[in-house]
Amino acid sequence: MFALVDVNAFYASCEKVFRPDLENKPIIVLSNNDGCVIARNDEAKELGIKMGQPYFTLSPEFISQYAIQVFSSNYALYADMSHRVMETLATLAPNIEIYSIDEAFCQLSYSEQQLSLAWQGKIIRDTIQQHNHLTVGVGIGPTKTLAKLANYAAKKWRKTEGVVVLSERNRQRKLMAITPVAEVWGIGRQLTRQLNMMNIHTAMDLAQLSPYQARKKFNVIVERTVRELNGESCLSLEEVSEPRKQIVCSRSFGEKVTEFIVMQEAICNYTARAAEKLRADGQYCQHITVFIRSSPFTPNTPYYSNYASEILAATNDTRQLLTAAQKILKRIWLEDRIYQKAGVILNDFHHHKLKQFDLFLDHKKQIKNETLMKTIDQINRSNMGKIFFASQGVKGQWHMKQQFLSPAYTTQVKDLAKVKIS
DNA sequence: TCTGGGGTCCTAGGACCC
DNA sequence: TCTGGGGTCCTAGGACCC
């Protein structure tokens, strides 16, 4: 049996853990650059605030009338809280697959002698509540897709008390019959539209489509979803995650960029960050892409979006990547455009054990370069200050907006919560 | 004024090989 | 009259997920 464990309103809940005064207040968390609403608790949902809604569409009057608590994304906090939840979960279920920052699949076993599945779900929920002060929903089913569906039900209906078990076919059918097909894992907006046109509206309707038809009319993914809804497990627990195939570092700008030098600094920063991630994974890349674009929302200004790439000898050396990135930027830069976003993408990875060395480079020098990068990473990970490249600049005019950032309660000594004894 | 970021997988079509 | 069959690799674009 699979269990899908997922933290309720994860980002919003993290903000509340160290702020008990926020209990019962509506909380929203904004995307990078304070652009859109990307997380909201139940109280905020009740006010009709939508997922992905641009922040500027919420009027100051509305915010203050309902005392809505607004936060910028605090990824240092969320990543650390995620870690803690996963650690708790790992003590409760030996086999887990971390699926995203706030959810994990785990394998549960059961037999006559053991605790019932519902009871195991309750233990998971209670323990995470006690250890991490976060509330999770637990969905249990014979396939990942059914576990996801059970988790949806656990969140939607309060009387389930956050745990739903779909081990019996009858219960699966009952739930599927009242669940819109759009809620099924893997069925997004486009597929929903097409399915509705075929008169398929509920998860049950989809389950009744033949796998052959699903494959013929759509693709292999929809076929798999149909099979999984019918209790045939097609997706296994992947405890060891595959190495990444791509690294993207991109941001919208807090203030629009019009000067080349500012854009160059931004690109160099994204490149340096991407290279750092690449080395942390022990990988080398052979392909780098740089893209820049203006805002698609501003009327009466020419929209410009472009990208270009370079092929490299396998590298994870920041200096080589910086050289390539700057070269590409010069190729795609256009004057007199108002840039809103830019980014760097690394592709075509090779693991360090399979690295293809550059025939024309001195091997000893390459070893030296690796040592240099390693040293820089070590210094930057420590608390002794940062080393960066001159091309990254110091002004940071391209930085994103983070007007409502909360403290890094769990990862910065200076931000530790203080207790007053009176 | 103002609209996120980071991933994966699949398919079709083109280019190429023998 | 009439022009094969069987492959691989790469890329762009579209869909999905959180």
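- The residue A/Gln190 sits close only to the backbone: its heavy atoms come under 4.0 Å of sugar-phosphate atoms, none of a base.
- A side chain to side chain donor-acceptor pair (under 3.5 Å) with A/Arg279 holds for exactly one of A/Thr318, A/Asn316, A/Asp317; it is A/Thr318.
- Atom CD1 of A/Ile221 sits about 10.5 Å away from atom CZ of A/Arg215, to the nearest 0.5 Å.
- For residues 27-47 of chain A, proximity to DNA chain B is found at A/Ser31, A/Asn32, A/Gly35, A/Cys36, defined as any non-hydrogen atom under 4.0 angstrom from a strand atom.
- Note on A/Lys401: nothing from the nucleic acid sits closer than 4.0 angstrom, heavy atoms only.
- Heavy atoms from other residues, nucleotides or ligands lying under 6.0 Å from CD of A/Gln129 number more than 12.
- When heavy atoms are screened at a 4.0 angstrom cut-off, A/Gln53 is found touching no nucleic acid atom at all.
- Shown here, B/dC18 forms a base pair with C/dG5; the pair counts as Watson-Crick or G-U wobble because both key distances fall under 3.5 Å.
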Start with the C-alpha gap between A/Asn132 and A/Val7, add the side-chain angles, then the distance that decides, and say whether side chain to side chain contact (heavy atoms under 4.5 Å, CB included) holds.
CA-CA 11 Å; A/Asn132 309 107; A/Val7 183; over 6 Å; no
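- Within the 4.0 angstrom heavy-atom criterion, no nucleotide atom of any strand lies near A/Tyr55.
- Looking at residues 59-76 of chain A, you'll see that no heavy atom sits under 4.0 Å from any atom of DNA chain B.
- Note: A/Phe18 and A/Tyr409 have parallel aromatic rings, judged against thresholds of 30 and 60 degrees for the angle between ring planes.
- Judged purely by atom type and a 3.5 angstrom limit, A/Arg331 uses its side chain to pair as donor or acceptor with the backbone of A/Ser309.
- Between A/Lys395 and A/Glu265 there is no salt bridge, since none of the side-chain N atoms of the basic residue sits less than 4.0 Å from a carboxylate O of the acidic one.
- Although no hydrogens or angles enter the test, the distance criterion places a donor-acceptor pair under 3.5 Å between the side chain of A/Gln283 and the main chain of A/Arg244.
- Using a 4.0 Å heavy-atom criterion, one finds that A/Ile247 contacts the sugar-phosphate atoms exclusively.
- Aromatic ring orientation, A/Phe2 versus A/Phe105: perpendicular (interplanar angle above 60°, classes split at 30° and 60°).
- Within a 6.0 Å radius of CG in A/Leu58, other residues, nucleotides and ligands contribute more than 12 heavy atoms.
- Nucleotides of DNA chain B that come within less than 4.0 Å of any heavy atom of chain A span, from the 5' end to the 3' end, B/dC2 to B/dT11.
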Walk me through it: do A/Arg84 and A/Met81 pass the test side chain to side chain contact (heavy atoms under 4.5 Å, CB included)?
CA-CA 5 Å; A/Arg84 293 169 182 224; A/Met81 293 302 283; 4.1 Å; yes
